[in-house]
Amino acid sequence: MPKLDQQLEQVVNQRVAELPPAQIRAFDDEISAIPGIVKLTLGEPDFDVPKHVKQAAIDSINDNDSHYSASRGTLPLRKAISDYLMKTRSVHYDPEKEIIVTVGATEAITATTFALLNPGDEVIIPTPIFSLYFPSVSLTGATPVKVDTSNDGFLLTAERLEKVLKREGNKVKAIILNYPNNPTGRCYSRDELVSLAKVIKEHHLLAVVDEIYSELIYDQPFTSLATLLPEQTVLISGLSKSHAMTGWRLGYVAAPQDAINQISKMHSFMVTAPNDTAQAAALEALTNGAADPVEFKQHYQKRRDRLAGAMKKMGFEIAVPDGAFYIFAKIPETFGNDDFKFARQLAHEARVGVIPGQAFGPGGEGHIRLSYAASDDDIETVISRLGSFMEQLN
């Protein structure tokens, strides 16, 4: 096994070296070896990719569709994304000039931050939130300004945003919003977004919105900030959650042309071009698969209601999710805010895997996240084991 030459040990990017490992994956890896554990840890749909979508990929392979695609993605797929966004957001994005197909929403986030941020910039990030945004901002030399929303129902209010902007001054360049939110499942209503849009517009902020869970919203209509403020919004989404295509790594960015031109450069430096076969599948999903997420959502809503209802009876305080497929629950008072201790004890004694809330930033401490993108059988097993565990604590 080769060992790095001692003279090279400091030859690393210091910004990367100073970042901690991704806590979600690290904790999942830590508990995965526990025999018989049932994990509700990762945001991984348990459904199969729809058959017609898989067939489109098979046809692509059989047709030897295996060459470099256009860097921004195939034009038919970009047109399908444009049509979808027009139908769902009432915003027209030029498929040739204002849309990029990316290798998952993760690449879209990274390409966007590296293309548009500079050292010294500040970026407001309401927390708890998917932790990828923190390193994506920090590695550019910009500073994440983490705003704990736990006292406001896990949503950023316009009033709170104004206070943060007043405190931070003109160094704030952008805001990142994720809705429905990972880990809480909370989503902004239209009125709440209208209020936020007013503040964002007045302060000339760039809004990067991650709407990957937009097809999975249960109790209210979905509203996009892009609908209200298209000239200042970079919209990121993809097919991973809506069509159970996490492993296909297919996302996209839509934004005004000046922003897209810069994001496109970073995108091409990172990945050259997206995968042909995944794009063929995505084209089918967007063209003929509108009903697929509707069916998935019905199952998720039943699972949400079952798991949330059972956990409330056990004494958990829950931010009932409006969308996505996560339960974010406060841990028992006897553990204080030590959600890692609670999650480890739960994993080893009850063989139930969850993610500690601290992994999602300020406001997450003292909570756990459970993903109900799991089979009905697994959810019933978790309810039984969790119930027994809580009874023993009492």
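Remember, predicted model here, so these are calculated numbers, not experimental data. Because only heavy atoms are used, hydrogens play no part in the values below, and waters and symmetry mates are left out as well, while side chains stay in.
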(message) Strictly distance-based, threshold 3.5 Å: is any side-chain N or O of Q232 a donor or acceptor partner for the main-chain N or O of L229?
(response) no
(request) Hey, could you give me the NZ/CD distance between K39 and E44, rounded to the nearest 0.5 Å? (result) 10.0 Å
(message) Could you measure the distance from the OG1 atom of T102 to the OH atom of Y252? Nearest 0.5 Å is fine.
(response) 10.0 Å
(message) Using modelled atom types and a 3.5 Å cut-off, is there a donor and acceptor pairing between side-chain atoms of S71 and backbone atoms of T272?
(response) yes
(message) Are F222 and C187 packed together at the side-chain level, in the sense that at least one heavy-atom pair is separated by less than 4.5 angstrom?
(response) yes
(request) May I ask you to test the I263-V234 pair for a side-chain heavy-atom distance under 4.5 Å? (result) yes
(request) State the CD1-CG distance between I124 and L205, to the nearest 0.5 angstrom. (result) 6.0 Å
(message) Testing the basics here: between D148 and G363, what is the closest heavy-atom pair and its distance to 0.1 Å?
(response) OD1-CA, 3.3 Å
(request) With the side chain counted from C-beta on, respond yes when R72 and I260 share a heavy-atom pair under 4.5 Å apart, and no when they do not. (result) yes
(message) Take a 6.0 Å sphere around CG of N62 and say whether it holds more than 12 heavy atoms from other residues, nucleotides or ligands.
(response) yes
(message) Within the 4.5 Å heavy-atom criterion, are H243 and V49 side-chain neighbours or not?
(response) no
(message) Do K146 and F134 form a cation-pi contact, if we require the NZ or CZ to be under 6.0 Å from the six-membered ring centre and within 45 degrees of the ring's axis?
(response) yes
(message) Test of understanding: clusters of I, L, V, M, F, W, Y form through side-chain heavy atoms closer than 4.5 Å, transitively. Do I34 and F27 belong to the same one?
(response) yes
(request) Return the orientation label for the H299 and F47 ring planes: parallel under 30°, perpendicular over 60°, tilted otherwise. (result) tilted
(request) Answer yes or no: is there a donor N or O on one side and an acceptor on the other, between the side chain of T149 and the main chain of D152, under 3.5 Å? (result) no
(message) Run the salt bridge (Lys or Arg N to Asp or Glu O under 4.0 Å) test against K173 and tell me which residues pass, sequence neighbours left out.
(response) D121
(request) For side chain to side chain contact (heavy atoms under 4.5 Å, CB included), just list the numbers for H203 and V172, CA-CA rounded to whole Å, side-chain angles, deciding distance to a tenth of an Å, and then say yes or no. (result) CA-CA 9 Å; H203 290 269; V172 178; over 6 Å; no
(request) Tell me whether the centres of the aromatic rings in F154 and F360 are closer together than 6.0 Å. (result) no
(message) Take a 6.0 Å sphere around CD of Q6 and say whether it holds more than 12 heavy atoms from other residues, nucleotides or ligands.
(response) no
(request) Find the distance between CD (E18) and CG (N13) and round it off to the nearest 0.5 Å. (result) 9.0 Å
(message) Looking at E98 and R78, is there a salt bridge between them, counting it only when a charged N and a carboxylate O are closer than 4.0 Å?
(response) no
(request) Determine, using the 4.5 Å side-chain heavy-atom cutoff (strictly less than), whether F335 and F328 are members of one ILVMFWY cluster. (result) no
(request) Please check if atom CD in Q345 has more than 12 non-hydrogen atoms from other residues, nucleotides or ligands closer than 6.0 Å. (result) yes
(message) Quick check against the 3.5 Å criterion: does T227 have a side-chain atom that pairs as donor or acceptor with the backbone of T223?
(response) no
(request) Go through the steps for T140 and N118 under the test side chain to side chain contact (heavy atoms under 4.5 Å, CB included), then give the verdict. (result) CA-CA 6 Å; T140 70; N118 292 291; over 6 Å; no
(message) Ring centroids only, cut at 6.0 angstrom: are Y93 and Y84 within range, meaning strictly under it?
(response) no
(message) Testing T113, D210, T110, T127 one by one against Y133 for a side chain to side chain donor-acceptor pair (under 3.5 Å), which residue passes?
(response) D210
(request) Could you tell me whether the side chain of K241 and the main chain of G43 form a donor-acceptor pair under 3.5 Å? (result) yes
(request) Flag the pair V137 / I176 as yes when at least one side-chain heavy-atom distance between them is below 4.5 Å, and no otherwise. (result) yes
(request) Please check if any side-chain donor atom of H267 sits under 3.5 Å from a side-chain acceptor atom of E107, or the reverse. (result) yes
(request) Can you tell me which residue pairs pass the salt bridge (charged side-chain N to carboxylate O under 4.0 Å, His left out) test with a partner in residues 287-309, sequence neighbours excluded? (result) D46-R303, D219-R304, R303-D376, R306-E380
(message) Any non-hydrogen side-chain atom of D322 less than 4.5 Å from a side-chain atom of Q220?
(response) yes
(request) Look at E122 together with K171 and state whether they make a salt bridge at an N to O cut-off of under 4.0 Å. (result) yes
(request) Decide whether D28 and T41 meet the rule of one side-chain donor and one side-chain acceptor closer than 3.5 Å. (result) yes
(message) Consider side chain to side chain contact (heavy atoms under 4.5 Å, CB included). Of V253, L117, I100, which one does T112 pass it with?
(response) V253
(message) Tell me whether R15 at atom CZ has more than 12 heavy atoms from other residues, nucleotides or ligands lying less than 6.0 Å away.
(response) yes
(message) I need the N337 CG to Q358 CD distance, nearest 0.5 Å.
(response) 7.5 Å
(request) Could you tell me whether K313 atom NZ has more than 12 heavy atoms of other residues or ligands within 6.0 Å of it? (result) no
(message) Show, in sequence, the C-alpha distance, side-chain angles and deciding distance for T74 and L283, and conclude whether the side chain to side chain contact (heavy atoms under 4.5 Å, CB included) test is met.
(response) CA-CA 9 Å; T74 63; L283 176 60; 5.9 Å; no
(message) Minimum heavy-atom separation for L40 and A374, please, with both atom names.
(response) CD2-CB, 3.6 Å
(message) Measuring only between side-chain heavy atoms, which start at C-beta, is Q279 closer than 4.5 Å to V101?
(response) yes
(request) Could you tell me whether a side-chain N or O of Y179 sits under 3.5 Å from a main-chain N or O of S214, the two making a donor and an acceptor? (result) no
(request) Could you walk me through whether Q55 and I58 pass the side chain to side chain contact (heavy atoms under 4.5 Å, CB included) test, one step at a time? (result) CA-CA 5 Å; Q55 188 59 53; I58 293 168; 3.9 Å; yes
(request) Could you tell me whether the side chain of R167 reaches within less than 4.5 Å of the side chain of V145, counting heavy atoms only? (result) yes
(message) Taking the ring of Y218 and the ring of Y300, is the distance between their centroids below 6.0 Å?
(response) no
(message) Just by distance, no angles: are the side chains of S189 and E192 close enough, under 3.5 Å, to form a donor-acceptor pair?
(response) yes
(request) Kindly state each residue pair satisfying salt bridge (charged side-chain N to carboxylate O under 4.0 Å, His left out) with at least one member in residues 331-352, sequence neighbours excluded. (result) E30-R344
(request) Check the side chains of S375 and D377 for a donor-acceptor pair under 3.5 angstrom, ignoring hydrogens and angles. (result) no
(request) Compute the ring centroids of Y213 and F325, then answer whether they are less than 6.0 Å apart. (result) yes
(request) Report yes or no: do V208 and L116 belong to one cluster of Ile/Leu/Val/Met/Phe/Trp/Tyr joined by side chain heavy-atom distances under 4.5 Å? (result) yes
(request) Report the distance from atom OG of S131 to atom CZ of R25, rounding to the nearest 0.5 Å. (result) 11.0 Å
(request) Look at the side-chain heavy atoms of Ile, Leu, Val, Met, Phe, Trp and Tyr, link any pair under 4.5 Å apart, and say whether I331 and F389 land in one connected group. (result) yes
(message) Please determine whether residues F316 and Y326 belong to a single hydrophobic cluster, defined as Ile, Leu, Val, Met, Phe, Trp and Tyr linked transitively by side-chain heavy-atom distances below 4.5 Å.
(response) yes
(message) When you measure from the side chain of D63 to the backbone of D65, do you find a donor-acceptor pair of N or O atoms at a distance under 3.5 Å?
(response) no
(request) Could you verify whether a donor N or O on one side chain and an acceptor N or O on the other, from T184 and N181, lie under 3.5 Å apart? (result) yes
